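Letters A, B, ... mirror the listed sequences (proteins, then strands); counts begin at 1. Source: prediction; values computed, not measured.
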Amino acid sequence: MEKIIRSVKGTRDFYPQEMAVRRWLITKIQQVSASFGYQEYDGPCLETIDLYAAKSGEELVKEQAFVFPDRSGENIALRPELTPTLARMIASKQNELTFPCRWWSFGPFWRYERPQKGRTREFFQWNIDLIGSDQVAADAELIAVAAEFLRSMGVRPEQAKILINDRRLMDAQLSQIGIHTELRPAILRQIDRIDKQPAEVWDKNTLDLGLTPEQLSELKSLLASADLWQQSPELSELFSELDALGVREYAAYEPKIIRGLDYYTGTVFEARDTAGNFRAILGGGHYANLVGDVGGKPLPGVGFAMGDVVILLLLESLGLIPENNAASEAVFVSIFDENCRSTSNRVAARLRRAGYKVFTYPGTEKLTRQLKYADKVGARAALVIGPDEIERGEVVLKDLAARTQLLLPEAELEKHLAAILAERQSL
RNA sequence: GUGCCUGUAGCUCAACGGCAGAGCGCCUCACUGUGGAUGAGGAGGUUGAGGGUUCGAAACCGUCCAGGCACCCCA
């Protein structure tokens, strides 16, 4: 093995094959976002550490952000999430924007974490937010966006579900059990990890937080209550909205969903594969005041984020990633010999101007090699233009997939090419 | 940051203290003005790195690097 300088831990190389998949994912995200009237935006990848100081979970910034001093000594962070940037962008134009804003973004993020399945140090994330509305309808809309996205990827409701809860409901329920206000945040965090710890360990840890055995028992029956949402007017309305939006089948109530980030104040949700093979596909919720820490008038909203890693793992496991190959609709023009090169180039140029994707061979190696090359890179069609064809003004058009070929006048080339490529479209 | 598992040819893996191998892929040829196939040859490894134990290490031991699994946290 030669000494090759290693890539940075937790980063991924996107070769054309992987890049085509990423491009496909971005296209789907763009289409779904636009179909709900959302506009694309982006912020810088570099931010001052101060932006994150007051917001986010503390651990997210202190332990999971890539932070380094720039040449002037200022501490710069590679953005670990987009929400603080969004808050700043909204706050600084708060008086000129028209609310509610519907914004989405897709870009790279970095977190200094231990890489493992579904988690890398550099990842791409779709962020989408509806800002400036406190209505249940806004929460429902974002969940519908998530559901329609899953649908557009070919993921069926029995394969992945959006699990929904409401922090206000949980808070009220904890209060009813008699859990004191100061204790509730810790209990909520504990609820969030109930499926990650063995039952006895979780019980013990929960008791250690200060619950009585009776409260623990009540808490556990609370978390097993699939009908709890019916006690929440907001959730009742939410599920009814989801029904009208045609995405009810993707949604499910789940009292264990809390979400880690502090700024969620109402509806919280995350999408998970029903087989339980992967971590959360996406997560989000309702916040009471996006711009609270950045200054500006209180502004509620709802949004979610989806990383590229888990969704691609899921799609891969479900066989839902299409074959993507940039060359698959391209035409290969072979170069028979030096004397024929100019004719081949002329034909190639003409086809490009007609809108086809056309590539040639750099040298004049024998046809076997050239056609093998065309086949391996996945070209859809190939042309052979030798001395005999040139003399008669003809070309040989090969359908590489069908393994057939036609000898035809050069003038009829476009007509036949269009037929071959149309045939591919219909597959 | 903590614990556990793994690292052998381009890829997937075998060899488990005694000569480092297979399948696939790659290259050449049969092949002539024609790509899936078939056949015949061929190239390719300091066994992740650098130490130790041993007559002898891919294998055993500790260190580092990387990947995976769980925790933490989260997309």
Side-chain angles (χ1 to χ4, degrees), chain A residues 1-12 15 25 29 56-65 79-83 106-128 146 189 192-193 195-198 201-202 205 258-262 264 270-272 277-284 303-314 332 334-337 340 361 364-390 395-407:
Chain A
M1 187 78 68
E2 300 151 43
K3 282 178 189 165
I4 298 174
I5 295 176
R6 276 195 303 271
S7 54
V8 174
K9 179 173 181 162
T11 62
R12 293 162 292 163
Y15 289 83
L25 180 68
I29 285 169
S56 311
E58 286 173 33
E59 176 160 350
L60 188 58
V61 177
K62 284 185 186 155
E63 294 172 30
Q64 299 189 341
R79 60 180 184 186
E81 61 158 340
L82 192 59
T83 304
F106 184 90
F109 294 85
W110 296 266
R111 289 185 195 169
Y112 195 82
E113 295 184 288
R114 184 102 173 234
Q116 56 184 263
K117 190 169 203 169
R119 196 170 74 183
T120 58
R121 287 187 170 183
E122 178 179 67
F123 57 97
F124 294 84
Q125 197 179 66
W126 174 29
N127 283 266
I128 182 163
R189 264 198 303 282
D192 206 34
R193 58 178 75 122
D195 288 329
K196 302 214 167 159
Q197 299 174 349
V201 176
W202 190 83
N205 289 343
I258 295 295
R259 307 295 306 155
L261 296 176
D262 298 334
Y264 295 130
E270 65 184 42
R272 303 206 70 117
N277 292 331
F278 308 104
R279 56 187 75 234
I281 300 162
L282 59 86
F304 69 80
M306 182 190 78
D308 67 313
V309 183
V310 175
I311 184 69
L312 289 177
L313 283 173
L314 173 67
F332 174 73
S334 62
I335 309 292
F336 191 85
D337 59 27
C340 300
Y361 203 78
T364 55
E365 273 103 85
K366 54 184 172 182
L367 276 180
T368 302
R369 177 179 283 276
Q370 295 193 30
L371 290 170
K372 193 174 226 170
Y373 172 75
D375 193 48
K376 291 187 89 166
V377 300
R380 185 64 183 79
L383 297 183
V384 177
I385 310 173
D388 300 347
E389 288 82 11
I390 290 175
V395 297
V396 171
L397 169 61
K398 295 178 71 67
D399 183 330
L400 289 174
R403 308 203 158 269
T404 57
Q405 69 177 49
L406 282 172
L407 177 65

Could you measure the distance from the CG atom of A:L25 to the CG atom of A:D308? Nearest 0.5 Å is fine.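 CG of A:D308 is found 7.0 Å from CG of A:L25.
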
Rounded to the nearest 0.5 Å, what separates atom CE in A:M306 from atom CD in A:Q125?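 Answer rounded to 0.5 Å: 9.0 Å.
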
Can you see if the side chain of [X] gets near the phosphate of [N] - specifically, an N or O under 4.0 Å from OP1 or OP2?
| X | N | value |
| --- | --- | --- |
| A:T368 | B:C31 | no |
| A:K398 | B:U34 | no |
| A:Q116 | B:G67 | no |

Could you work out the separation of [N] and [M] based on their [atom1] atoms and round it to a whole Å?
| N | M | atom1 | answer |
| --- | --- | --- | --- |
| B:A15 | B:G68 | P | 25 Å |
| B:C11 | B:G17 | C1' | 29 Å |
| B:A40 | B:A22 | P | 15 Å |
| B:U2 | B:A43 | P | 48 Å |
| B:U53 | B:A59 | C1' | 13 Å |
| B:A49 | B:C65 | P | 15 Å |
| B:U38 | B:G48 | P | 33 Å |
| B:G45 | B:A37 | C1' | 31 Å |

Want to settle it: does A:G10 or A:R193 sit nearer the 5' end of RNA chain B, counting the closest nucleotide to each?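 Counting from the 5' end, the first nearest nucleotide belongs to A:G10.
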
Starting at the 5' end of RNA chain B, which residue's closest nucleotide do you reach first, A:D388 or A:L282?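 This one resolves to A:D388.
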
Go through [options] for me and flag the one nearest to the [X] side chain.
| X | options | value |
| --- | --- | --- |
| A:L371 | B:U34, B:A75, B:G67 | B:U34 |
| A:L367 | B:C73, B:G67, B:G33 | B:G33 |
| A:K372 | B:G35, B:U32, B:U34 | B:G35 |
| A:R114 | B:G1, B:G33, B:C73 | B:G1 |

Round to the nearest Å and state the distance from [X] atom [atom1] to [N] atom [atom2].
| X | N | atom1 | atom2 | answer |
| --- | --- | --- | --- | --- |
| A:K196 | B:C72 | NZ | C1' | 8 Å |
| A:R111 | B:C73 | CZ | C1' | 9 Å |
| A:I128 | B:A75 | CD1 | P | 16 Å |
| A:K366 | B:C27 | NZ | P | 13 Å |
| A:Q370 | B:U32 | CD | C1' | 16 Å |
| A:L25 | B:A75 | CG | C1' | 12 Å |
| A:E113 | B:A66 | CD | C1' | 18 Å |
| A:K117 | B:G68 | NZ | C1' | 9 Å |

Evaluate the criterion side-chain contact (heavy atoms from CB on, under 4.5 Å) for residue pair A:R121 and A:V8; output intermediate values, then yes/no. CA-CA 9 Å; A:R121 287 187 170 183; A:V8 174; 5.9 Å; no

What does [X] touch in the nucleic acid at a heavy-atom separation under 4.0 angstrom: a base, only the sugar-phosphate, or nothing?
| X | answer |
| --- | --- |
| A:E122 | nothing |
| A:G284 | nothing |
| A:T120 | base |
| A:I311 | nothing |
| A:V384 | base |
| A:D308 | nothing |
| A:A280 | sugar-phosphate |

For [N], give the paired nucleotide (Watson-Crick: N1-N3 plus N6-O4 or O6-N4; G-U: N1-O2 and O6-N3; both under 3.5 Å), or none.
| N | result |
| --- | --- |
| B:C24 | B:G10 |
| B:U34 | none |
| B:A58 | none |
| B:C29 | B:G39 |
| B:C19 | none |
| B:U2 | B:A70 |
| B:A49 | B:U63 |

Take A:D375 and A:R403, measure what side-chain contact (heavy atoms from CB on, under 4.5 Å) needs, and give me the verdict at the end. CA-CA 10 Å; A:D375 193 48; A:R403 308 203 158 269; 3.9 Å; yes

Hey, does the side-chain of [X] have a donor or acceptor N/O within less than 3.5 Å of a partner on the base of [N]?
| X | N | answer |
| --- | --- | --- |
| A:Q197 | B:A70 | no |
| A:R279 | B:A75 | no |
| A:Q405 | B:G35 | no |
| A:R119 | B:C73 | yes |

Answer whether the closest heavy-atom distance between the side chains of A:Q370 and A:F336 falls below 4.5 Å.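 Result no, sub-4.5 Å side-chain heavy-atom pair not found.
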
Within a strict 4.5 Å, meaning less than it, do heavy atoms of the A:F123 and A:R12 side chains meet?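 A side-chain contact under 4.5 Å exists here.
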
If we require ring centres under 5.5 Å and near-parallel planes under 30°, does A:F336 stack on B:G33?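 Stacking is absent between B:G33 and A:F336, given that the ring centres and planes do not meet under 5.5 Å and under 30°.
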
Under 4.0 Å between a side-chain nitrogen and a carboxylate oxygen: does that hold for A:R272 and A:D195?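 No, A:R272 and A:D195 are not salt-bridged.
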
Qualifying residue, where the test is side-chain contact (heavy atoms from CB on, under 4.5 Å) with A:I385 and the options are A:V396, A:I390, A:L397, A:I335: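 Of A:V396, A:I390, A:L397, A:I335, side-chain contact (heavy atoms from CB on, under 4.5 Å) with A:I385 is met by A:I390 alone.
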
Parallel, tilted or perpendicular for A:F106 and A:F124, by the 30°/60° rule?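 Ring orientation of A:F106 relative to A:F124: parallel.
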
